[in-house]
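In what follows, residues are counted from 1 in the order of the sequence shown. Note that the structure is a prediction, hence the values are computed from the model and not measured.
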Amino acid sequence: MGNRALYKDKRNRVWELDFLRGLAVIAMCFDHLMYNCSHPRDFFSNFKVGMNSFADKIYTLATAYWKSGYNDSPGFRFWAHYIFVFIFLFLVGTSCAFSRDNTKRGSQLAVVALVFTGATMILRHVGILEDGIIFGILDCIALSILCASAVDIATKKYKLLNIYLPLVLGTVIIAVGISKQFWTIEWDRAFDSSHLIEYIMGTRAYGDDWFGLFPYVGAVLMGMYFGKAAYSARRSLIPVLDGKWNKPFRFVGRHALLFYLAHQVVITGIIMLLGICLGYKPIF
């Protein structure tokens, strides 16, 4: 069975990869929902604690959740965020092992990422967004796929090197990132074009959704190794566990890009509708 059949044919997809990807996307949606709920004044001009008991409980829960992600007092959100980011990017790399043309995939996604970045910067310029996205998760994934493709092409004549070099490179990149404590990187309050290369490489941060290439490309490269080593037969490793129970997660996983592009609009709509029903006045 060729790569193309597995990658395109839903009947032959590896269910656990779609499931885990879907789980990571759902976790991302929850994370962003909690962030929005912890900033109600960004949505409602008359929000104040004590006005509605139900809204107060949501606000308190969301605020506590988000505070657990701070670097100075890492809690549930801090660890869960990096775990699910790693899982998602690792699966991006695993998918690279199935694709016939990662250069094409990476290039196509790069175009989508640039359009998305441009749209957010326009929204920032007109005052709808406080910050835009300069090098977000889509940009990081696109460039990481292109990096993985370059490694694959450069080593394709050497079987062992082709399999194990992504693992070595990925491990080194992540190890360096951890040793440099990448989670404490300096964030710019305003976009500075002179720091653009640093935003991309991961030595400086800016924006609402920032994922510098280092160390995140390391997770993609490690996933590429896993895909080559564990899925050489192009089949599920645990077919016995497949079933209807995982269908919702697999659906999300198969349409991860669509969910990423649409989820904030949907979340904002739900919050606005619920807030209006509870008597709050929209800020716009």
(message) Given 3.5 Å as the limit, does a donor-acceptor pair link the side chain of E186 with the main chain of A205, or not?
(response) no
(message) Within this structure, what is the SG-CH2 distance for the pair C140 and W210, rounded to the nearest 0.5 Å?
(response) 9.0 Å
(request) Answer whether the closest heavy-atom distance between the side chains of F88 and I141 falls below 4.5 Å. (result) yes
(request) Please report the closest heavy-atom contact between M272 and P282, naming both atoms and the distance. (result) CE-CB, 3.4 Å
(request) Start with the C-alpha gap between D131 and Y206, add the side-chain angles, then the distance that decides, and say whether side-chain contact (heavy atoms from CB on, under 4.5 Å) holds. (result) CA-CA 8 Å; D131 296 303; Y206 166 79; 3.5 Å; yes
(request) Mind checking side chain to side chain contact (heavy atoms under 4.5 Å, CB included) for A55 and listing every partner two or more places apart, or none if nothing turns up? (result) F47, N52, L278, Y280
Which atom pairs, donor and acceptor, lie under 3.5 Å between side-chain atoms of residues 145-152 and protein residues at least two apart or in another chain?
unit_1	atom_1	unit_2	atom_2	d
S149	OG	T103	N	3.4
S149	OG	T103	OG1	2.7
D152	OD1	N162	ND2	2.8
D152	OD1	K228	NZ	2.8

(message) Side chains of L257 and L109, heavy atoms from C-beta outward: is any pair under 4.5 Å?
(response) yes
(request) I would like to know whether R124 and T120 meet side-chain contact (heavy atoms from CB on, under 4.5 Å); could you show each step before the answer? (result) CA-CA 6 Å; R124 170 182 176 271; T120 64; over 6 Å; no
(message) Starting from V265, can I reach I271 by hopping between I/L/V/M/F/W/Y residues whose side chains sit under 4.5 Å apart?
(response) no
(message) With clusters defined by side-chain heavy atoms of hydrophobic residues (ILVMFWY) lying less than 4.5 Å apart, directly or transitively, does I238 cluster with F98?
(response) yes
(request) Compute the centroid of each ring, for F30 and then for Y65, and state whether the two points are separated by less than 6.0 Å. (result) yes
(request) If the plane angle is over 60° it's perpendicular, under 30° parallel, otherwise tilted; pick one for F226 and Y231. (result) perpendicular
(request) Would you please indicate yes or no on a ring centroid separation below 6.0 angstrom for F19 and F249? (result) yes
(request) Hey, can you tell me if Y164 and Y225 have their rings parallel, tilted or perpendicular (30° and 60° cut-offs)? (result) tilted
(request) Keeping the roles fixed (side chain from T94, backbone from M224), state whether a donor-acceptor pair exists under 3.5 Å. (result) no
(request) Compare all side-chain heavy atoms of F211 with those of D139 and state whether any distance is below 4.5 angstrom. (result) no
(message) Can you tell me how the ring of H255 sits relative to the ring of F251, calling it parallel under 30°, perpendicular over 60° and tilted otherwise?
(response) tilted
(message) Checking H81 against D31: is there a side-chain donor and acceptor pair closer than 3.5 Å?
(response) no
(request) Look up atom OG in S73 and atom NZ in K67, then write down how far apart they are to the nearest 0.5 Å. (result) 9.0 Å
(request) Check whether any side-chain heavy atom of L221 sits under 4.5 Å from a side-chain heavy atom of L165, and report yes or no. (result) no
(message) Any non-hydrogen side-chain atom of L274 less than 4.5 Å from a side-chain atom of F54?
(response) yes
(request) Search all heavy atoms of V25 against all heavy atoms of A256 and return the closest pair with its distance. (result) CG2-CB, 3.8 Å
(message) Below 30° counts as parallel, above 60° as perpendicular, anything between as tilted: where do the rings of Y199 and H195 land?
(response) perpendicular
(request) Measure across D18 and R254 and return the closest heavy-atom pair with its distance rounded to 0.1 Å. (result) OD2-CG, 3.5 Å
(request) Taking the side chain as every heavy atom from C-beta outward, state whether S107 and V111 have any pair of such atoms under 4.5 Å apart. (result) no
(message) Quick check against the 3.5 Å criterion: does S99 have a side-chain atom that pairs as donor or acceptor with the backbone of C96?
(response) no
(request) Indicate yes or no for a side-chain donor-acceptor contact from D188 to the backbone of F191 under 3.5 Å, with no hydrogens or angles considered. (result) no
(request) Using a 4.5 Å cut-off on heavy atoms from C-beta on, say whether the side chain of W79 contacts that of P74. (result) yes
(request) Would you please test M222 and L169 for side-chain contact (heavy atoms from CB on, under 4.5 Å) and show each step? (result) CA-CA 8 Å; M222 291 180 70; L169 291 176; over 6 Å; no
(message) Could you measure the distance from the OG atom of S38 to the CZ atom of R41? Nearest 0.5 Å is fine.
(response) 11.0 Å
(request) Tell me whether the guanidinium CZ or amine NZ of R250 lies under 6.0 angstrom from the six-membered ring centre of W15 and within 45° of its axis. (result) no
Expected list for residues 177-184: side-chain donor-acceptor pairs under 3.5 angstrom, two or more places apart:
unit_1	atom_1	unit_2	atom_2	d
S179	OG	A175	O	3.4
S179	OG	V176	O	2.7
T184	OG1	Q181	O	2.7

(request) Working to the nearest 0.5 Å, report the span between CE of M34 and CD1 of I58. (result) 6.5 Å
(request) Looking only at non-hydrogen atoms, find the nearest pair between L161 and P166 and report the distance. (result) O-CD, 3.9 Å
(message) If you compare all heavy atoms of V217 against all heavy atoms of I173, which two are closest, and at what distance to 0.1 Å?
(response) CG1-CD1, 3.8 Å
(message) How close do N46 and M51 get, counting heavy atoms only, and between which atoms?
(response) ND2-CE, 3.5 Å
(request) Can you measure from CD (Q264) to OH (Y35) and round to the nearest 0.5 angstrom? (result) 9.5 Å
(message) Between V220 and I200, is there shared hydrophobic-cluster membership here, with clusters defined by ILVMFWY side-chain heavy atoms closer than 4.5 Å?
(response) no
(request) Give a yes or no answer on whether the side chain of D208 reaches the backbone of I133 with a donor-acceptor pair at less than 3.5 Å. (result) no
(message) Set out, in order, the CA-CA distance, both residues' side-chain angles and the distance that settles side-chain contact (heavy atoms from CB on, under 4.5 Å) for V92 and S144, then state yes or no.
(response) CA-CA 9 Å; V92 168; S144 295; 5.8 Å; no
(message) Would the distance check show the side chain of D56 and the main-chain N or O of V49 forming a donor-acceptor pair, the cut-off being under 3.5 Å?
(response) no
(message) I'd like to know if the side chain of R21 pairs up with that of S95 as donor and acceptor (distance under 3.5 Å, no hydrogens or angles considered).
(response) yes
(message) Grouping I, L, V, M, F, W and Y whenever their side-chain heavy atoms are under 4.5 Å apart, do I26 and V266 come out in a common cluster?
(response) no
(request) Return yes if some donor-acceptor pair links the side-chain N/O of H32 with the main-chain N/O of C29 below 3.5 Å, else return no. (result) no
(request) Quick one: pull up CD1 in I174 and CZ in F90 and give me the separation to the nearest 0.5 Å. (result) 9.0 Å
(request) Verify the cluster assignment for L91 and L143: are they in a single hydrophobic cluster under the rule of side-chain heavy atoms below 4.5 Å apart? (result) no
(request) Give a yes or no on whether the ring-centroid distance for Y82 and F86 is below 6.0 angstrom. (result) no
(message) Would you say that Y260 contacts L138 through its side chain, given a criterion of any heavy-atom pair below 4.5 Å between the two side chains?
(response) yes
(request) Measure from the side-chain N and O atoms of T63 to the backbone N and O of T60, and report whether any donor-acceptor pair falls under 3.5 Å. (result) no
